[in-house]
Structure formats: C-alpha cells, structure tokens
Trainee: 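Below is a structure I'd like to ask you about.
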There are 2 protein chains.
Amino acid sequence: MDEQKKNATIYDVAAAVGVSLATVSRVVNGSDSVRPATRDKVLAAIEELGYQPNAVARGLASKKTTTVGVVIPDITNLFYSELTRGIDDIARMYQYDVLLTNTDDEEEQAMTAIKNLAQKQVDGIIYMGTKLSEKVLSAVRATGVPVVLAGSVAGDGALPSVNIDYTAAFQEITTKFLNKNHSRVALVLGSKDRTIDEKFRLEGYKKALEEAGESFDESLVFTGAKGYAAGQKLAAQIIEQKAQAVVAYEDEVALGILNAVQDAGYKVPEDLEIISSNNTTYTLVARPELSSINQPKYDIGAVAMRMLTKLMNKEEVGEDQVKLPYTLVERASTM
Amino acid sequence: MDEQKKNATIYDVAAAVGVSLATVSRVVNGSDSVRPATRDKVLAAIEELGYQPNAVARGLASKKTTTVGVVIPDITNLFYSELTRGIDDIARMYQYDVLLTNTDDEEEQAMTAIKNLAQKQVDGIIYMGTKLSEKVLSAVRATGVPVVLAGSVAGDGALPSVNIDYTAAFQEITTKFLNKNHSRVALVLGSKDRTIDEKFRLEGYKKALEEAGESFDESLVFTGAKGYAAGQKLAAQIIEQKAQAVVAYEDEVALGILNAVQDAGYKVPEDLEIISSNNTTYTLVARPELSSINQPKYDIGAVAMRMLTKLMNKEEVGEDQVKLPYTLVERASTM
DNA sequence: TTGAAAGCGCTAACAA
DNA sequence: TTGTTAGCGCTTTCAA
C-alpha cells in the first residue's frame, strides 16, 4: 500500500519476483502464456510495489497511445458537448482517453489542433465542425490515423461520418409549413461558409418550395445569426418580411426569435410558428415550448466513436456514411 | 511538401544535414547554443522532410508530457463546460493539451480517472466536482503531480483552489430577501453529500437567518433536485411551504421552478421571488429573466489553469486559495 | 558550438 | 512457458 517510493517500474517488479521483464509485461497485458503460479507472484509484486504501467513508454514501444483526439468548435455549445459526452463514454468503454481541442470552427485553429494531435501520436480523431476546407481535410489525412466526422460537417463521402439527413429534415419541416398555406417561411442559417447550412439545410428548404410550387424568395433567408442575442435582433426583420413561420438551424437563435417576437406583442404560434433544430434543453425551458428537430446527439457521438474504434483496429466497417434517424418533436410553438 | 514518406524522425533530419541528433534536438527546442548557419540548415531539412517531433518519445525522455488532465462531472453541464473552455484556452496558450474525463461526480469514476491520468503521465490535473472524499484526495496526491481544484469543490486548503465565496454569496442573497420581510425563504440545494452545498451554501443561508433573528426551518430546505424537470416537480412543495422567495443552487432547477410556478398560476416575482446561482444563458432565456449570482466561470477555469502552469514549473504561487469576486445580477424574477 | 552515448520504461520478435 | 535482445524517438549529461 505504500506507493510513495518513486514510481516502481516494470523492472522493479521483475526483480522482486525473479522473472524477466517480458513475463511481467505479459501479465500486465493479459497474455495467457504465463503459468498461473507465475502470474500470481507477479500480480502480488505489482500490488506490493504499487506498480502502474507508464503509458508513455508503452506508447513509444507499441506505437499505440490509446488516446483519441477530439476536435470541437466550442465545448460550451450544448449541441457539441452532448456529442462529446457520447464520444467520451464510448471511448472510455474501449479504454481510450480523449484529448480535447476547441477550434471555434476556425480553419487556423483546426490546423493547429490537428498538427498537435499528430505529434501526440493519437490513434484516431473525431472531427466536429460545420465546415471542412480542403486544407484541413488534407492535414487530417496526412496524420495517417483514422478520422470520423461527427454530427456537423457532412463530408461528401471524403471521410467516414455520422450525421442525420439534414436535407431531408429541413425539407420535411418546410413542407409541413407550406402545407398549412404558410407561403412565407423564413429560414435562419449559420454563417455563409458552413457547408452543412449552405449545402444541406438550404437545399432541403428549396426542395420543399419547389415541390410545393412556391418560388424561392431570398429575402426570407437569414444567414449569420449565432446565439440568443442574435436571434432577438433578427426578430424584427422576420416580422417585417411578413413571415408566417420560421425554421431555425439551432435552438438558441430560435429562442431569441421566440422571446423577442412575443415581447413585441405577437403570439406564437398564432401569428408566427417557430421550429428549431437540435432539441437541446433550451427547447423545454422556452414558453411556449419550442418544436424542434431532434437529432440523437449523444448517439451520434457514440456511434462515431464506436466506428473509430473499429477503424483503429482495422476491423471491417460496413457503411461508413451513417445517417441516424431524426425525429420531429412537436411542441407548443407550432400548431 | 511531401510528408507522405513514413514520418521522418530526428535521425533522418540529422542525417540529411550531416549533424548529430543532439544538434537537431537543440534546434527543435530552441536552444541558443547552435550556430545560426547550422540552425538554418537544420530548419530547412525539417521543412523539407516534413519532420514533426514525436511527443511520446519526447515525453518518455524528458518526463514531461505537456498534457494536463481535466476531471469534470459532466461536460454537458453548462457551468462546467464554461469552466473547461477557460481551462482549455489557457492550457493551449501555455502549450498544454487537455485530457478530459467525465465522472458524473461519482467517487468510483473519479478514482479510475485519476489512476488513468497518472498512467498517462500528465504533468498536472484540474479537478472539478462538488465533493472530494478522502479516498479521492489521497489518490490525487499519490499521483505526485500538481492539482488545482476549480469552481466547485471548495477544498479546505487541502489543495490549491479557485472558487467564489459561496457562503458569502448565499448569505447575501438570503439577507436581501429577509430584509424585504420575506421570512420564508426556500433554499434549494444539490445532493446531500456535496461539500459545497452542505458546508458553504447552507452555511451562508443559516448565517443570514441568524443575523436577521429568524429561526431555521428545515422544511424550507430542499435537497437533491437536479435539472429542469426536478425543479418543475419541486415547485408544488415550495408553494405548499408558503415560501415567499427561493434561492436555488443552479439555473436549470431554478428555471424548472419558475416555469412550473407560473404554469400553476402564480406570478413571479409578485407571489414568489426567485434567484439562482451560476448565471448561465438559461437565466436570459427565461421569462421573466432570472436573477442570478454570477460566477466568473470562464475566469475560474482560466485562473485555475494559470495557477497549474506555475505549479508545474515550480514557480512561486502566492495565495493558492483564490476566491474570485461574484456579482449579483438582478433581473425580473426578483423585485 | 557540437557530438557521443546512455538512458526514459516499455513491447515484441525470436530463441530457448 | 519464459528469457534475451533490440529497439521505439527523443532528451540530456558529459566531453571534446
């Protein structure tokens, strides 16, 4: 019980028992070609000396660090933190540790993060972000380790990924509104260069219009609003455009719109219906509660991490472009 | 530009330039005892070969991993994720990476996490949690690396820590209510065994009562409610106790109480005043907006990490029990 | 200013 | 079943 004495090494254990390093190593790594009696003696010595394997030495010798890198825009964003929780839980289950880096969704920070993870010899990487430039993509590839995109960037098959079908989701809810004779449906997206918004969500919105025979009106698309305060500001413009319904890309911005619109005397959903995407706790605390597209956030993280473990083990992965089912949760902000 | 060819090592660089390993190592580590001409040649070769130092080998040789462990109850909790953001930003500034582990505030998981971090040879640890048992404390100490507690457990000086003065904060807000002749102030705390609640917040509450000459009524103290739904459930009991004001230990539970009370037809703040602690975004999205004790969350994380860098460098740290100032943000849920 | 050489603590053939 | 022996890629004295 006295583990004070200067970190015992595998050498000390071997010496104490009178066996070779290799034997101790075998016991530690659970190899079965060790005689039970020997194993017991070794185990006893390990306990006695309080021996803990040094993962760094192990990593150097085995070229495996049992560490994965997680690249995330911002951990304080509820959407990403829930993904991360799924990642972390599964990582731990498979004995991996998580090295976390925030990037604010910026290319430069992503580059630094990836370079750094490569130096630390991580065994794999989970990448989250709303965009993935060629530059970052090639840096990621250059690391030579498996990478899985989770719940945000939807790579066009360039890398394994786990997502929901953003296009289908946005098409579905837009159609829902159009079918109620709301011809003016506002669409609120993140910044211009987000692949996920420009390429998938906008596309779903346009498809819905097309199918309904409605023309696309650019003045109903609002880009670049991020966070609660931005949503509050946007409210006036949305009202000005005489929108009858709003489809928003995330909960905080939707909540900002919801509150500001009501503070201005309009009624939700009577005067304006609102639906958001992500279904974080924010949707529940709102009054009225916000309808939302539910993405299985924890599961996206968990599935991505599970896929990564397979990739790291060079196991067979079936489909590597996973789309998890989303659901539409209808609450009081829609009718 | 072709970094494809099998990770160049320091050896390859040395060979390419015709110098020894030691010289390359010196250049990489910025030692100034290298002739400029030599340095340039080495740098050129590094660029040419796309050499990236292997941090694992470095860690083994130098016994420094430039990695810190961060132990957190739950990354999806806005309070902790904001602390973590502060930690991560400062860590990166000082060239450290962050190894993250969720513990759900459970002793067993904390023990595993610490053991694991020790094996990975982290240079230091930031510990967050609402309690710190003797067992965990001694495990933490046994790692032999510096540890700083951040924003949650308030160690009684046993370990360096960064916090706000929870007792003072709770005393202040309780007094505020008592001064308005609200003799029945409800106190909502986390689970029983949380040092931070039992020892500090409750103490502040009691002090306020004592100073005001009010007697302590146990039926006004509600323990164990966690999260929004729990807050909603609690509302009925609070009303039943004829509380005139509520002091809650976190925002989500406060929000649950706020919404449930209003849904039941009571007016806030006219019938019941509510104040929460943490001042996360939740306080802003509430209607009416929630008054709250603002803890400088990002700063607590940042300051804790900064202190840890000093400790890891064996620099002088002045006071190691830091209390950052809190503020009382008054919004519409109080009068 | 530079180099030689000895590890850091472990894994992983290969032998025995 | 066990041991021997090379490394893994780097830092760091100690000499030159």
Side-chain angles (χ1 to χ4, degrees), chain A residues 3 5-43 45-46 49-67 95 118-123 144-145, chain B residues 3 5-43 45-46 49-67 95 118-123 144-145:
Chain A
E3 50 248 294
K5 34 182 57 182
K6 211 70 177 171
N7 281 349
T9 72
I10 197 171
Y11 235 112
D12 302 327
V13 177
V17 185
V19 294
S20 73
L21 299 192
T23 301
V24 179
S25 176
R26 287 190 187 101
V27 171
V28 170
N29 293 298
S31 157
D32 35 282
S33 49
V34 177
R35 199 164 0 127
T38 316
R39 177 192 312 282
D40 291 346
K41 276 194 284 186
V42 171
L43 254 17
I46 285 175
L49 298 170
Y51 167 71
Q52 301 241 104
N54 179 325
V56 175
R58 229 179 199 181
L60 184 58
S62 69
K63 298 183 165 299
K64 282 188 192 310
T65 54
T66 62
T67 302
Q95 318 263 41
Q119 294 193 178
K120 290 266 161 123
Q121 315 293 123
V122 295
D123 296 337
V145 301
Chain B
E3 51 248 294
K5 34 181 58 182
K6 211 72 179 167
N7 279 350
T9 72
I10 198 170
Y11 235 112
D12 301 327
V13 177
V17 185
V19 295
S20 73
L21 298 192
T23 301
V24 179
S25 175
R26 287 189 187 102
V27 171
V28 171
N29 292 299
S31 157
D32 35 282
S33 50
V34 178
R35 196 155 12 117
T38 315
R39 175 191 313 281
D40 291 346
K41 277 194 284 186
V42 171
L43 253 17
I46 286 177
L49 298 170
Y51 167 71
Q52 302 241 105
N54 179 323
V56 175
R58 230 180 201 181
L60 183 59
S62 69
K63 299 184 164 299
K64 281 187 191 312
T65 54
T66 62
T67 301
Q95 318 263 40
Q119 293 193 178
K120 290 266 161 125
Q121 313 294 122
V122 295
D123 296 336
V145 301

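Here is the naming used below: chain letters follow the sequence lines, and residue numbers restart at 1 for every chain.
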Trainee: Does the D40(A) side chain pair with the main chain of A37(A), one donor and one acceptor, at a distance under 3.5 Å?
Mentor: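 Not at all, since once roles are kept as given, no pair shorter than 3.5 Å links the two residues.
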
Trainee: Given P53(B), which partner from the list V13(B), V28(B), I46(B) fulfils the side chain to side chain contact (heavy atoms under 4.5 Å, CB included) test?
Mentor: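 It is V28(B), the one option of V13(B), V28(B), I46(B) that forms the side chain to side chain contact (heavy atoms under 4.5 Å, CB included) with P53(B).
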
Trainee: Look at the side-chain N and O atoms of T23(A) and state whether any lies under 4.0 Å from the OP1 or OP2 oxygen of dG3(D).
Mentor: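 Checking dG3(D) against T23(A), a side-chain N or O does come within under 4.0 Å of OP1 or OP2.
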
Trainee: Between C1' on dG9(C) and CG on L49(A), what's the gap in Å once rounded to a whole number?
Mentor: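 It works out to 15 Å between those atoms.
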
Trainee: With a 4.5 Å heavy-atom cut-off, do V42(A) and R39(A) have their side chains touching?
Mentor: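 No. Closest side-chain heavy atoms not under 4.5 Å.
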
Trainee: Measure the spacing between OG1 of T9(A) and CD of Q52(A) and express it to the nearest 0.5 Å.
Mentor: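 The CD atom of Q52(A) is 13.0 Å from OG1 of T9(A), to the nearest 0.5 Å.
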
Trainee: Between protein and nucleic acid, restricted to nucleotides 9-12 of chain D and to nitrogen or oxygen atoms under 3.5 Å apart, what atom pairs and distances do you find?
Mentor:
{"from": "dG9(D)", "atom 1": "OP1", "to": "K63(A)", "atom 2": "NZ", "distance (Å)": "3.0"}
{"from": "dG9(D)", "atom 1": "N2", "to": "A57(B)", "atom 2": "O", "distance (Å)": "3.3"}
{"from": "dC10(D)", "atom 1": "OP1", "to": "Y51(B)", "atom 2": "OH", "distance (Å)": "2.6"}
{"from": "dC10(D)", "atom 1": "OP1", "to": "N54(B)", "atom 2": "N", "distance (Å)": "3.0"}
{"from": "dC10(D)", "atom 1": "OP2", "to": "I10(B)", "atom 2": "N", "distance (Å)": "2.4"}
{"from": "dT11(D)", "atom 1": "OP1", "to": "N29(B)", "atom 2": "OD1", "distance (Å)": "3.4"}
{"from": "dT11(D)", "atom 1": "OP1", "to": "N29(B)", "atom 2": "ND2", "distance (Å)": "3.1"}
{"from": "dT11(D)", "atom 1": "OP1", "to": "R58(B)", "atom 2": "NE", "distance (Å)": "2.8"}
{"from": "dT11(D)", "atom 1": "OP2", "to": "S25(B)", "atom 2": "OG", "distance (Å)": "2.6"}

Trainee: Once rounded to the nearest 0.5 Å, what's the spacing between atom CD of Q119(B) and atom CD of Q121(B)?
Mentor: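 The CD atom of Q121(B) is 8.5 Å from CD of Q119(B), to the nearest 0.5 Å.
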
Trainee: Assess, by modelled atom type and distance only, whether the side chains of K120(A) and T67(B) contain a donor and an acceptor separated by less than 3.5 Å.
Mentor: yes

Trainee: What is the bend of the helix from dT1(C)-dA16(D) to dA16(C)-dT1(D) when you compare the axis at one end with the axis at the other, using five pairs each and rounding to 10°?
Mentor: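 For the helix from dT1(C)-dA16(D) to dA16(C)-dT1(D), the axes at either end differ by 30°.
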
Trainee: Can you tell me the distance, in whole Å, between the CD atom of Q121(A) and the P atom of dT11(C)?
Mentor: 17 Å

Trainee: Hey, could you give me the CG/OG distance between D123(A) and S62(A), rounded to the nearest 0.5 Å?
Mentor: 8.0 Å

Trainee: Run through T66(B), N29(B), T65(B) and flag the one making a side-chain hydrogen bond (donor to acceptor under 3.5 Å, both in side chains) with R58(B).
Mentor: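 The single option meeting the side-chain hydrogen bond (donor to acceptor under 3.5 Å, both in side chains) with R58(B) is N29(B).
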
